[in-house]
K.L.:
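Could you have a look at this structure, given as structure tokens, before my questions?
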2 protein chains.
Amino acid sequence: MPTIKDIAKAAGVSPASVSRVINNGPKVGAKTREKIKRIMREMQYQPNANAQAINVQNNASIGIVLADLTDPLFAKMAHGIEKIAVQKDLQIFLNSGAFDRTSELNAIEVLLEHRYKALVVHSAMIDDKTLIEYARKIPGLVLLNRHIREIENRCIWLDDKLGGALMADHIIEQGHKKIVVIGVDGIQNNTRQRLEGIKAQLAKYPVHYEIEMLEQGAATYEGGEIAVQNILARGMEFSAILAYNDAIAVGAVSMLKAHGLSVPSDVSVMGFNNLILAQCMKPKLTTIHNPIEDMAMKATELALRLSKGDSAEQLEFRPDEHKYIPELIVRQSVQKIG
Amino acid sequence: MPTIKDIAKAAGVSPASVSRVINNGPKVGAKTREKIKRIMREMQYQPNANAQAINVQNNASIGIVLADLTDPLFAKMAHGIEKIAVQKDLQIFLNSGAFDRTSELNAIEVLLEHRYKALVVHSAMIDDKTLIEYARKIPGLVLLNRHIREIENRCIWLDDKLGGALMADHIIEQGHKKIVVIGVDGIQNNTRQRLEGIKAQLAKYPVHYEIEMLEQGAATYEGGEIAVQNILARGMEFSAILAYNDAIAVGAVSMLKAHGLSVPSDVSVMGFNNLILAQCMKPKLTTIHNPIEDMAMKATELALRLSKGDSAEQLEFRPDEHKYIPELIVRQSVQKIG
DNA sequence: TTGAAAGCGCTACCAT
DNA sequence: ATGGTAGCGCTTTCAA
């Protein structure tokens, strides 16, 4: 693999000139430039990005950490980030945390060791305190899909409380009084926020509601099946299920059917996120739209801006630009009762 | 940001010793080691991966290129690759090609510039010739989900012909004679292979079949909807649709319904890949299982092995270890007719 | 416009 | 067990 020196020698010039050509720098004569280019092509020269990175401060690419590659929401985030990257002609380097605290931390560390300056981090398992420290230490770090008050100017998040409220409102309007919420465990506070939103909203109505919270492991189809099995096994009474996401909702519907309960005539079910899944389901899933792709784009732009030197504090902080609004999507999985 | 020299100075030792400690090397006294470790912690030392990479030949991490982050099949690939990475305690760096030839090429180049030695490439848009050149040039490059005869010892692929044959067999057994195949355009030869498989299989039966091939853009839900619209607009007659993947199939089902045709009583539909989507659908989708996760794991292991110096030619090539077998999954979207 | 040379942060060899 | 030091491939002054 030829180095810059080999090229220089072959072209009869100095390494400095070759470097200038590589970087499209000025101060190289036209014919010299052409000659060097030709030789580079002939010798199949390939710059060594590591050597370049060691010299220049600035690693322009964007480093991203995603909690879980298997989450379908991931695809949307990745897509949003990618859009910005393509638009600005930047590279993205993705590291996955596999939904595990240690891996997530490791993913961040690796990116830091490679001296990425703009970091979009979607962490589900790292605690607030640690993330705050990171944020303080790394100017270009932005948290996607997470809200930590102390560093909220560095966060892009969904108004989960509102999301919960929207769910509650809809389900109340349809006359439901015995409600089961299926959340997920882990550090993620989306679950808690939404539950708060749900409860707060219920409290506004002058009726007594029974609400059960069920936190179980996986935010997946299988997770939804298991959750419903548990609910049924416990003999709970309920007419509605509010699921943490669409996949859980779909799994729940399937397990309900397996037990002879049909949706929405026997049980109403709501999902969250409004992924494709929700609209191909039968019955089509009533859910909450999550503008995660927009959020990802915003987070990327922010990370890029911050990494360019504008400190977060200098940027005026407008909460409405950081907090995104969920929306109720009414379809067919909720039915009016009593 | 402190360097190795700063640490050495602060600890009153030489950079060499610090380097040894960083790399858990031998030949450092216990107390010296502890002292250096302490100082590193105190000064928040963070190794510079670029500087490290410039010295050691070997970039142990795995570079991966994926054609499209938004393809749900992607999640499975990524997951498979990740499994191996975690197991071997290696980092993965992912670059996306956004389903565009130039981006895919660029993604590979960037990885090469960073001197990644093990490359798992899932390219949909780069032509055979270019990939062959890359494979020849880069010992650790493996192609995932693609079969190029000239370098098949460097490919991990699905037997798409068999996949097509399985579809054909099933649909024939159910008595269908007018069949529409929905493929996708682009360089991808999966479509062609499957079509070949379908046709070859049909030819074995002593009956006349009408088969229409429709290549349209997106391998998505929306793509499926559009395809069915086109089929209907052209006034084609058909009793069965064989879709390129589950998403298309689901979109097709939805559009059929919108036109008053129900599945499977009016039209039978088959998907491909057997993603979660296929089993939450109503009717549950009859489809072909694609063991893409296993394939991804295999590709990663192979890339790793090749990058370690065993040249591909030395490794005995056992086709059955490179060619994966699809499987028919019978559910509810295909019905027996006349 | 061009070249010489001093680093960038780290590793690894050779001494001690 | 430790230190000195010559690179790794590249960029970037500073001189010419």
K.L.:
Do NZ/NE/NH1/NH2 and the carboxylate oxygens of A/Arg149 and A/Asp128 come within less than 4.0 Å?
P.N.:
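Here A/Arg149 does not pair with A/Asp128 in a salt bridge, since their nearest N and O are not under 4.0 Å apart.
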
K.L.:
Between C1' on D/dC10 and CZ on B/Arg115, what's the gap in Å once rounded to a whole number?
P.N.:
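Between C1' of D/dC10 and CZ of B/Arg115: 11 Å.
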
K.L.:
Any Lys/Arg nitrogen of A/Glu293 or A/Lys83 sitting under 4.0 Å from an Asp/Glu carboxylate oxygen of the other?
P.N.:
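Between A/Lys83 and A/Glu293 there is a salt bridge, with a charged N closer than 4.0 Å to a carboxylate O.
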
K.L.:
Distance check needed: C/dT2 P versus A/Lys9 NZ, whole Å only.
P.N.:
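After rounding, the reported distance stands at 20 Å.
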
K.L.:
Between C/dT11, D/dG9, D/dT12, which one does the side chain of B/Asn55 approach most closely?
P.N.:
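Selected nucleotide (nearest to the side chain): C/dT11.
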
K.L.:
Whole-Å distance between C/dG7 P and B/Ile4 CD1?
P.N.:
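Going from CD1 in B/Ile4 over to P in C/dG7 covers 18 Å.
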
K.L.:
Could you tell me whether A/Glu301 and A/Lys88 have a side-chain N and a carboxylate O separated by less than 4.0 Å?
P.N.:
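Judged by the 4.0 Å cut-off on N to carboxylate O distance, A/Glu301 and A/Lys88 do not form a salt bridge.
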
K.L.:
If you measure from the Lys or Arg side-chain nitrogens to the Asp or Glu carboxylate oxygens, is any gap between B/Lys137 and B/Glu133 under 4.0 Å?
P.N.:
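Salt bridge absent between B/Lys137 and B/Glu133.
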
K.L.:
On DNA chain D, compare the nucleotides closest to A/Val56 and A/Lys5; which residue's is nearer the 5' end?
P.N.:
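That would be A/Lys5.
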
K.L.:
Is the phosphate of C/dG9 approached by B/Gln52 (side-chain N or O, under 4.0 Å from OP1 or OP2)?
P.N.:
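So the side-chain polar atoms of B/Gln52 never come under 4.0 Å of the phosphate oxygens OP1 or OP2 of C/dG9.
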
K.L.:
By nearest atom, which of the nucleotides D/dT11, C/dG9, D/dC10 is closest to the A/Ile54 side chain?
P.N.:
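So the nucleotide nearest the side chain must be C/dG9.
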
K.L.:
Measure the distance from OH on B/Tyr45 to P on C/dG9 and round it to the nearest whole Å.
P.N.:
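The answer, rounded to whole Å, is 10 Å.
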
K.L.:
Can you check the A/Asp6 CG to D/dG9 P distance for me, whole Å?
P.N.:
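So the two atoms are 8 Å apart, to the nearest Å.
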
K.L.:
Could you check how far CE of A/Met1 sits from P of D/dC10, rounded to whole Å?
P.N.:
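So the two atoms are 10 Å apart, to the nearest Å.
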
K.L.:
Taking the six-membered ring for Trp and the full ring for Phe, Tyr or His, determine whether the centres of B/His322 and B/Phe317 are under 6.0 Å apart.
P.N.:
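They qualify: ring centres under 6.0 Å apart.
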
K.L.:
Strictly below 4.0 Å, heavy-atom distances to any atom of DNA chain C: list the hits from residues 16-44 of chain B, or just say none.
P.N.:
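Heavy-atom cutoff 4.0 Å gives B/Ala16, B/Ser19, B/Arg20, B/Asn23.
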
K.L.:
In terms of side-chain geometry, is the basic nitrogen of A/Glu42 or A/Arg38 positioned less than 4.0 Å from the acidic oxygen of its partner?
P.N.:
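A salt bridge links A/Glu42 with A/Arg38.
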
K.L.:
Would you please indicate if the ring centroids of B/Phe74 and B/His122 are separated by under 6.0 Å?
P.N.:
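No: the rings miss the under 6.0 Å criterion.
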
K.L.:
Is the shortest side-chain N/O distance from B/Ser14 to OP1 or OP2 of D/dG3 below 4.0 Å?
P.N.:
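Answer yes for this pair, as a side-chain N or O of B/Ser14 is under 4.0 Å from OP1 or OP2.
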
